[in-house]
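In each ligand, atom 1 is the first atom listed, and ligand 1 is the first ligand listed. Note: hydrogens, waters and symmetry copies are ignored here, and every other heavy atom, side chains too, is used. None of the values given here were measured: they were computed from a predicted structure.
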Amino acid sequence: MFNDVISIHDLTSEQILYLCEKAEDMKNIEKSGQRFKLSDSLKNRKLAYMFYEPSTRTKLSFDTAMNQLGGKRDGFIGIEGTSIRKSESIMDTVKMMEANHFDVIVMRNPIDGSVQWAADVANIPVINGGDGKNEHPTQSLLDIFTLYSNNGKKLDDISIGFGGDLSHGRTVKSLCIMLSYFKDVKIYWAAEDFLGIPLELIDYLESKNVTVIREKNVKDVLDKVDFYYMTRPQLERMEGISKSLVTKMLKQYKIDMDKIKNFNGKLLHPMPVNSEVEEIEKNVYFSQAQGFLEQAENGIFMRKALLHELLKDKDYVAFNSKLDYDLLHGNNKLIRKISPKIKQGLFIDNLNTGISIDHLKYGAAFEITSKLNLADKGYIAMPAHLPPDEEFLNGKSFLKTNMELISERELKLVALVSNEPTINIIKDGIVVDKFVYLLCRNENCITRDVKEDVPPKFFNDGNIKCRYCRQKYVILN
Ligand code: NCD
């Protein structure tokens with residue numbers, strides 16, 4: 001069916017519906033008292049969990065699912081006690097899981113796109129248990145299964161409300177994208193501006209014919225929907241914002257008995273509920289509307305279905321200790337015409353053999369000289385600055401050095417200081433190679449993490465997008 005589960009964008013509506021049917025089968029098995037009916041199906045298979053961030057439900061439900069299918073589980077939650085504390089990279093950690101004969105990896109990591117990188121590195125299936133602010137596809141699958149079960153086993157014609165923190169979490173984003181695969185979906189929401197649905201997501205949903213309506217308050221939303229999806233404030237992703245300020249922002253949006261008194265639908269929440277902020281008041285837990293505990297159990301059915309589909313017909317993959325050369329190379333070098341091929345012009349004169357880095361922002365050349373440690377390495381560095389003029393309104397700078405080779409990591413250091421540098425490789429007074437180095441602009445993208453050393457890759461689906469965090473990239477230079 002598929003090999004990895006990284007992004008909702010990789011799934012089709014048929015696959016989502018198929019997985020809902022399979023999860024329904026798993027639910028029926030449980031509800032008819034046959035919990036271990038499939039306990040031979042993944043016998044001797046092993047699931048590795050790599051959770052760089054805390055988790056209760058996601059980790060446990062994969063654990064339970066694998067156990068009920070007869071498989072084994074091991075791994076880490078939190079990096080304490082692992083070699084990640086000794087700066088081991090994601091690539092090496094993934095390879096260690098494979099070398100230890102695991103059959104599938106579930107990974108959660110705070111960096112956007114990190115799980116796609118793990119999947120690129122691994123020869124076994126990788127499942128995204130949450131990457132940065134990006135996606136949480138298996139949460140959306142269980143959420144959508146909860147909607148499917150409570151909506152007459154279909155996913156068209158759904159009205160759903162969203163509340164809480166719709167900006168910093170990944171569950172809302174992933175669920176909204178998944179809902180956009182179906183017809184007549186109406187999304188209503190109410191939240192503080194700072195916690196609201198990001199504009200790019202609204203634009204995307206509207207481009208897929210989803211109706212998205214913002215209401216002033218929660219009651220207006222609850223009046224119009226069959227499901228209300230509440231979320232906790234994702235405080236760990238709000239740098240420099242105090243808990244008390246966020247609590248204040250959430251105050252009027254909290255779910256209490258008064259708000260739900262006329263609500264006949266289901267109240268959902270991916271959980272955990274923050275017991276200090278209490279975005280859902282305690283009494284509500286005991287109301288008819290409470291649907292989030294059923295939703296949590298649905299996680300087991302959906303993850304059981306997913307693991308079963310991923311592994312049931314696959315023999316184990318024997319460990320291959322050789323790494324694929326592709327992992328070394330990005331596709332982010334925009335080749336530029338080489339001209340003139342002569343030793344002339346400010347940016348190349350006095351340099352017979354070496355590298356000239358051009359189109360740097362004003363003032364960047366000095367910073368790059370020190371970031372690349374050119375002096376310590378014994379190279380000559382000639383940084384220069386051109387003040388603003390008619391051609392370069394903000395000015396620019398460039399750097400010449402007699403260093404002959406520049407590594408991927410060094411190119412990244414340059415691009416982190418000044419986006420889209422032009423690199424000229426010079427031999428015997430002639431420019432022999434010339435390219436612009438592109439680096440994703442999402443500050444939290446894995447490709448910007450120097451120690452992980454992931455070569456940037458882009459794809460074009462009408463827009464140029466980062467292969468890892470999938471954010472749009474506009475070429476400027
Ligand atoms: C997570 C949470 O809120 O911490 N909950 C969950 O997985 N059920 C969601 C997340 O990590 O994005």
*Protein heavy-atom partner closest to atom 7 (O) of ligand 1 - residue, atom, separation in Å*: His136 NE2, 2.9 Å
*Which residue holds the protein heavy atom closest to atom 4 (O) of ligand 1, what is that atom called, and what is the gap in Å?*
Arg232 NH2, 2.9 Å
Just jot down the ligand 1 atoms closer than 4.0 angstrom to any heavy atom of [X], in number order.
X      : value
Gln234 : 3 (O)
Pro270 : 8 (N)
Gln139 : 6 (C), 7 (O), 8 (N)

*asked:* So, applying ring-ring contact (aromatic ring centres under 6.0 Å, His included) with Phe76, which one of Phe51, Tyr52, Tyr49 is it?
replied: Tyr52
*So which of Lys173, Glu236, Arg170 gets nearest to atom 11 (O) of ligand 1, if we judge by its closest heavy atom?*
Arg170
*Should the proximity of Met271 to ligand 1, defined as any heavy atom under 4.0 Å, be assigned to the side chain, the backbone, both, or neither?*
backbone
Any nitrogen or oxygen of [X] lying under 3.5 Å from a nitrogen or oxygen in ligand 1? Just yes or no.
X      : result
Arg108 : yes
Thr171 : no
Pro272 : no

*Do Gln139 and Thr171 have side-chain N/O donor and acceptor atoms under 3.5 Å apart?*
no
Crowded around [X] [atom1]? As in, over 12 foreign heavy atoms under 6.0 Å?
X      : atom1 : value
Lys312 : NZ    : yes
Tyr316 : OH    : no
Lys243 : NZ    : no

*Could you check Leu311, Leu307, Leu47 and say which one makes a side-chain contact (heavy atoms from CB on, under 4.5 Å) with Leu69?*
Leu307
*asked:* As a test of understanding, state which of Gln290, Glu294, Gln295 forms a side chain to side chain donor-acceptor pair (under 3.5 Å) with Lys266.
replied: Glu294
